[in-house]
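In what follows, a structure is listed as structure tokens, so that the remarks can point back to it.
In the text below, chain A, chain B and the rest are named by the order of the sequence lines, each starting its count at 1.
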Number of protein chains: 2
Amino acid sequence: MGPDEHPASLSQQLQRGNLMAAACPSRDVLKHVTSRWGVLVLMALETDTLRFSALRRAVGGVSERMLAQTLQWLEGDGLVERIAYDVVPPHVEYSLTPLGREAAEKVRVLADWIETSLPRIARAWEERQRD
Amino acid sequence: MGPDEHPASLSQQLQRGNLMAAACPSRDVLKHVTSRWGVLVLMALETDTLRFSALRRAVGGVSERMLAQTLQWLEGDGLVERIAYDVVPPHVEYSLTPLGREAAEKVRVLADWIETSLPRIARAWEERQRD
DNA sequence: AACATTTGTGTGCGTACTTACGGAAAGTAA
DNA sequence: TTACTTTCCGTAAGTACGCACACAAATGTT
């Protein structure tokens with residue numbers, strides 16, 4: 001019921017995706033990749049294969065529940081590979097797929113920019129104080 | 001509370017930021033920039049200065065409430081500039097600051113990657129069906 | 001007089017996310 | 001026997017998100 005539903009032919013929308021359209025399936029991927037923990041998980045796995053608990057230590061502040069859910073999302077999108085060894089106690093290793101590594105690269109560029117730009121952004125915060 | 005609170009000296013953390021640490025202020029900026037609507041707003045404003053309602057039309061599916069909130073976040077971080085003309089009915093224009101243009105560029109690279117990679121990601125979805 | 005315009009804020013209400021806690025499995029060490 | 005390990009899932013509870021709707025303001029059109 002959006003006001004601007006460019007049909008754009010379903011086939012074309014599936015081939016390329018149009019994020020600005022409300023119904024685009026890209027929105028789901030974007031949601032997973034840019035989710036609160038998705039960004040950090042991708043970056044943590046960019047260099048290393050990690051077990052669940054190591055990943056949890058690497059990503060500060062994430063709960064077990066959310067880490068598991070985030071990993072399931074990314075696995076479902078084909079960005080993360082999950083290898084479970086059938087032993088007790090469980091031993092599960094997470095790594096990035098080739099697709100995941102591409103995503104992680106893009107995400108890291110953004111994260112690096114934020115980290116290095118933080119002083120400039122903090123200046124905006126201070127100015128906002130003086131309103 | 002976290003198990004790995006590298007103090008890293010507050011000054012250093014403020015200078016550069018360490019996203020993997022739970023308490024890093026970069027996390028807030030990341031939250032705004034990668035928020036559901038933040039990404040799309042930055043991309044919509046990358047090319048044009050837009051009024052509120054034009055922006056709402058450009059970003060499919062966003063409610064007035066959330067668009068206003070998202071714009072306030074980005075304005076507070078110094079990424080978006082808001083110019084309000086004192087007339088009735090109200091006339092407000094939104095555009096990106098130089099800082100915002102840098103962020104938009106990074107975000108667009110990620111969004112473009114998702115859109116063009118959608119076919120490969122969709123393949124992962126289909127495989128997941130056959131579990 | 002009644003209505004439309006534009007950019008929001010305030011209110012209610014349902015949905016989604018997020019956390020904290022407890023539990024499961026099969027062995028090993030105390 | 002009890003505790004401990006690892007990787008989650010189930011549940012309850014709290015927080016945030018998101019939508020629909022009404023409301024505001026000064027001027028112009030019906």
Side-chain angles (χ1 to χ4, degrees), chain A residues 1-4 21-24 27-41 44-45 48-77 80-95 131, chain B residues 1-3 22-23 27-41 44-45 48-76 80-95 131:
Chain A
M1 321 328 178
D4 47 331
C24 180
R27 289 263 178 109
D28 294 323
V29 184
L30 185 69
K31 204 170 187 172
H32 300 159
V33 170
T34 65
S35 69
R36 178 167 179 191
W37 306 114
V39 174
L40 302 175
V41 165
L45 290 179
D48 309 287
T49 292
L50 291 175
R51 298 184 61 174
F52 186 87
S53 47
L55 195 48
R56 183 153 139 69
R57 278 188 296 275
V59 177
V62 67
S63 70
E64 295 183 358
R65 196 88 173 75
M66 279 302 106
L67 181 54
Q69 183 159 104
T70 301
L71 285 167
Q72 284 172 7
W73 287 336
L74 297 178
E75 190 194 355
D77 293 343
V80 161
E81 186 182 19
R82 178 184 187 276
I83 300 179
Y85 300 94
D86 192 13
V87 294
V88 172
H91 183 133
V92 183
E93 290 184 350
Y94 292 94
S95 59
D131 280 355
Chain B
M1 321 297 198
R27 288 266 177 105
D28 294 323
V29 183
L30 185 68
K31 203 170 189 171
H32 300 160
V33 170
T34 66
S35 69
R36 177 165 181 194
W37 305 115
V39 174
L40 302 175
V41 165
L45 289 179
D48 309 287
T49 292
L50 291 175
R51 300 183 60 172
F52 186 87
S53 48
L55 196 48
R56 183 153 140 69
R57 277 187 297 273
V59 177
V62 67
S63 69
E64 294 182 0
R65 199 92 171 74
M66 282 300 107
L67 180 55
Q69 184 162 103
T70 301
L71 285 167
Q72 284 171 5
W73 287 335
L74 296 177
E75 190 194 357
V80 161
E81 187 181 19
R82 178 182 186 278
I83 301 178
Y85 299 92
D86 193 14
V87 295
V88 171
H91 183 133
V92 182
E93 291 185 348
Y94 291 94
S95 58
D131 281 353

Rounding to an integer number of Å, can you tell me how far B:L50 CG sits from C:dT7 P?
11 Å

Closest to the 5' end of DNA chain D, once B:V62 and A:R65 are matched to their nearest nucleotides, is A:R65

To the nearest Å, how far apart are B:H91 NE2 and C:dT7 C1'?
11 Å

Considering only D:dT7, D:dT5, C:dT7, which nucleotide approaches the side chain of B:R82 most closely?
C:dT7

Whichever of A:P90 and A:W73 has its nearest DNA chain C nucleotide further upstream toward 5'
A:W73

Whole Å only: how far is the CG atom of B:L71 from the C1' atom of C:dT7?
11 Å

CD on B:E93 to CZ on B:R82, rounded to 0.5 Å
11.5 Å

Within the 4.0 Å heavy-atom criterion, would you say A:R56 contacts the bases, only the backbone, or no part of the nucleic acid?
nothing

Roughly, in whole Å, what's the span from CZ in A:R27 to C1' in D:dG18?
13 Å

Value in whole Å for how far the P atom of C:dC21 lies from CE of A:M66:
16 Å

What does A:Y85 touch in the nucleic acid at a heavy-atom separation under 4.0 angstrom: a base, only the sugar-phosphate, or nothing?
nothing

Separation of B:R57 atom CZ from C:dT7 atom C1', in whole Å?
13 Å

Heavy-atom side-chain contact between B:L50 and B:Y94 under 4.5 Å:
no

Considering only D:dC19, C:dC17, C:dT7, which nucleotide approaches the side chain of A:K31 most closely?
C:dC17

Contact nearer the 5' end of DNA chain D, comparing A:F52 with B:Q69
A:F52

Over all strands shown, is A:Q72 touching base, sugar-phosphate only, or nothing at heavy-atom distances under 4.0 angstrom?
sugar-phosphate

Is the distance from OP1 or OP2 of D:dA16 to the nearest side-chain N or O of A:R36 less than 4.0 Å?
no

